[in-house]
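Taking it in order: structure first as structure tokens, then the write-up.
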Amino acid sequence: MQTNILAVTGNPMLHSLSPVLMNGAIAQKKINYRYLRLPVESAQEAMEVFKKLHLSGMNVTAPFKNDIIKFLDQLTPNAQKAQAVNCVFWKDNCLIGDNSDISGVEISIKNYYSLFSNNKMLVIGSGGAVPAIIIAGQNLGLDVTVAARNVEALIKLKERFNVSTKDIKNISDFVNDYSVIVQALPSGIKVFDPNILTAQHLILDANYKDSIFEKPAEKIGYKFLSGKNWLVNQAVPAFKLFTGLDTDAKTMYNALDNEKFKFDKKIALTGFMGVGKTTSGKKLASLLGYKFVDLDDEIEAAEGMKISKIFETKGEDYFRFIEQKMLSNYADREKIVLSCGGGTVKNSDNRNILREKFLNIWLYASAAWCIDGLDVSNRPLLQCENPLVVAEKMLDQRIDYYADAAFAIIYVENLNSDDIAKKIYGQISKTFGV
């Protein structure tokens, strides 16, 4: 049965916790879906992959929540009002954009209604997430004020949403006038000392971790909500949009608690033959200072013959057996970039190893692009009258396997090996600091 692929797109993207939440709910529901990260350079690229892979739905994050709109057929009222989209899905053969960020804020704070002592909300920041926060606050009947440095952005927000605005440089003088405070600034930015707050405050920080408000909350006693609250509470309605099924916050929090992935300097590249795993993998390894390993080359060296000869004399089943042993041998190495054969993912044990032991990047491009100019003399499965027809069928049959094993998708069509290596390196360095 064909897997329904979902994704979250943005730039950078490898840090995203959305796949943890969504795949946790998918596992709990036992449905045939897989949710992946899709780092892209533009909203146009995201939509190109969306359509080529026939994605069932896609979350959208910075910096493409506005840019994605022009590629959609229709917006929900929330997305229309925010002029920002974080959910793309199909309905009646139309591409619909929604904004579940609004629901995420509402759900996060409405359970603490007793703390809305003066029904006044202060939003700190003027970036792309702010419209959703403003709309959520207004939906809850709160009088919203926005404080930021960007005067032009404040003017636009005031005109669009009829909110009050303040200069952030004086925030310490007025922050205590608001019972509900939502910070939407990048991690690490501190515009006032949290110790001036009181136990009567409710604080929602959009950051997932390292919030400046978390530790003081223990001492002062105000209610602190991290970005994980918002993340989970926007993901619950998004899951319903994508799958048609209900889930709950508890399921997603459990998935976060049980998440075990740790980047330990093992990268695998999977994808169809000819997609560029070896050529780009060598250059990626050089950029990272890691060792490059080509799994097919290792098998040929161990067997003393070309892969085509192994297929001819010993059969594909034998080749896959050796391939699995070889992959297992590298699963405990560090500082390696491993290029896998196009069919490595056909084996379920291999997929488990790739998913659990490696940062596995699925390099995706069309079959036509992959085999254009490819030497098929050592490609036994393409030694036929019409290689393109066979290749398209093979890729279509393997899409589910690639998706099942992948941590992220990198779209590489029309990119050379240098571009592919730099694209992957950029995502890894931004996320893991290598």
Q: Return the set of residues passing salt bridge (charged side-chain N to carboxylate O under 4.0 Å, His left out) with Lys283 (not counting sequence neighbours), or none when no residue passes.
A: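 Here the qualifying residues are Asp418.
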
Using distance only, find each side-chain donor-acceptor pair of residues 82-90 under 3.5 Å and give its atom names and separation, not counting sequence neighbours.
{"from": "Gln83", "atom 1": "NE2", "to": "Gln80", "atom 2": "O", "distance (Å)": "3.1"}
{"from": "Asn86", "atom 1": "OD1", "to": "Ser100", "atom 2": "N", "distance (Å)": "2.7"}
{"from": "Asn86", "atom 1": "ND2", "to": "Ser100", "atom 2": "OG", "distance (Å)": "3.1"}
{"from": "Asn86", "atom 1": "ND2", "to": "Asp101", "atom 2": "OD1", "distance (Å)": "3.3"}
{"from": "Asn86", "atom 1": "ND2", "to": "Gln234", "atom 2": "OE1", "distance (Å)": "3.2"}
{"from": "Trp90", "atom 1": "NE1", "to": "Leu55", "atom 2": "O", "distance (Å)": "3.1"}

In a table with atom names and distances, give each donor-acceptor pair under 3.5 Å that connects a side chain of residues 356-365 to protein atoms at least two apart or in another chain.
{"from": "Asn360", "atom 1": "OD1", "to": "Thr270", "atom 2": "OG1", "distance (Å)": "3.2"}
{"from": "Asn360", "atom 1": "ND2", "to": "Ala405", "atom 2": "O", "distance (Å)": "2.9"}

Q.
Main chain of Gln2, side chain of Asn32: is a donor-acceptor contact present, judged purely on distance under 3.5 Å?
A. yes

Q: Could you list the residues that satisfy side chain to side chain contact (heavy atoms under 4.5 Å, CB included) with Glu259, not counting sequence neighbours?
A: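 Per chain and number, Glu259 pairs via side chain to side chain contact (heavy atoms under 4.5 Å, CB included) with Val20, Phe261.
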
Q: Would you give the length of the straight line joining atom OG1 of Thr247 to atom CG of Leu21, rounded to the nearest 0.5 angstrom?
A: 9.5 Å

**Q.** Where Leu14 and Pro39 come nearest, the two heavy atoms and their spacing
**A.** CD2-CG, 4.1 Å

Check whether more than 12 heavy atoms from other residues, nucleotides or ligands sit under 6.0 Å from atom [atom1] of [X], and answer yes or no.
X	atom1	answer
Lys156	NZ	no
Tyr401	OH	no
Arg149	CZ	no
Asp92	CG	no

Q) Per the salt bridge (Lys or Arg N to Asp or Glu O under 4.0 Å) rule, which among Arg355, Lys346, Arg398 passes with Asp404? A)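 Single salt bridge (Lys or Arg N to Asp or Glu O under 4.0 Å) partner of Asp404 among Arg355, Lys346, Arg398: Arg355.
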
Say whether [X] and [Y], considering side chains only, have a donor N or O and an acceptor N or O under 3.5 Å apart.
X	Y	result
Thr251	Asn254	no
Ser366	Glu413	yes
Tyr253	Asn229	yes

Side-chain donor-acceptor contacts of residues 423-434 below 3.5 Å, not counting sequence neighbours, with atom names and distances?
{"from": "Lys423", "atom 1": "NZ", "to": "Glu45", "atom 2": "OE2", "distance (Å)": "2.5"}
{"from": "Lys423", "atom 1": "NZ", "to": "Tyr411", "atom 2": "O", "distance (Å)": "3.1"}
{"from": "Gln427", "atom 1": "OE1", "to": "Met13", "atom 2": "N", "distance (Å)": "3.0"}
{"from": "Gln427", "atom 1": "NE2", "to": "Asn11", "atom 2": "OD1", "distance (Å)": "2.8"}
{"from": "Ser429", "atom 1": "OG", "to": "Tyr425", "atom 2": "O", "distance (Å)": "3.0"}
{"from": "Ser429", "atom 1": "OG", "to": "Gly426", "atom 2": "O", "distance (Å)": "3.1"}
{"from": "Thr431", "atom 1": "OG1", "to": "Gln427", "atom 2": "O", "distance (Å)": "2.9"}

Identify every side-chain donor-acceptor pair in residues 338-345 under 3.5 Å, counting partners at least two apart or on other chains, and give the distances.
{"from": "Ser339", "atom 1": "OG", "to": "Thr278", "atom 2": "OG1", "distance (Å)": "3.4"}
{"from": "Thr344", "atom 1": "OG1", "to": "Glu323", "atom 2": "OE2", "distance (Å)": "2.8"}
{"from": "Thr344", "atom 1": "OG1", "to": "Gly341", "atom 2": "N", "distance (Å)": "3.0"}
{"from": "Thr344", "atom 1": "OG1", "to": "Gly341", "atom 2": "O", "distance (Å)": "3.0"}

Q: Quick one: do Ser187 and Asp210 satisfy side chain to side chain donor-acceptor pair (under 3.5 Å)? Show the steps, please.
A: CA-CA 7 Å; Ser187 178; Asp210 301 326; 5.0 Å; no

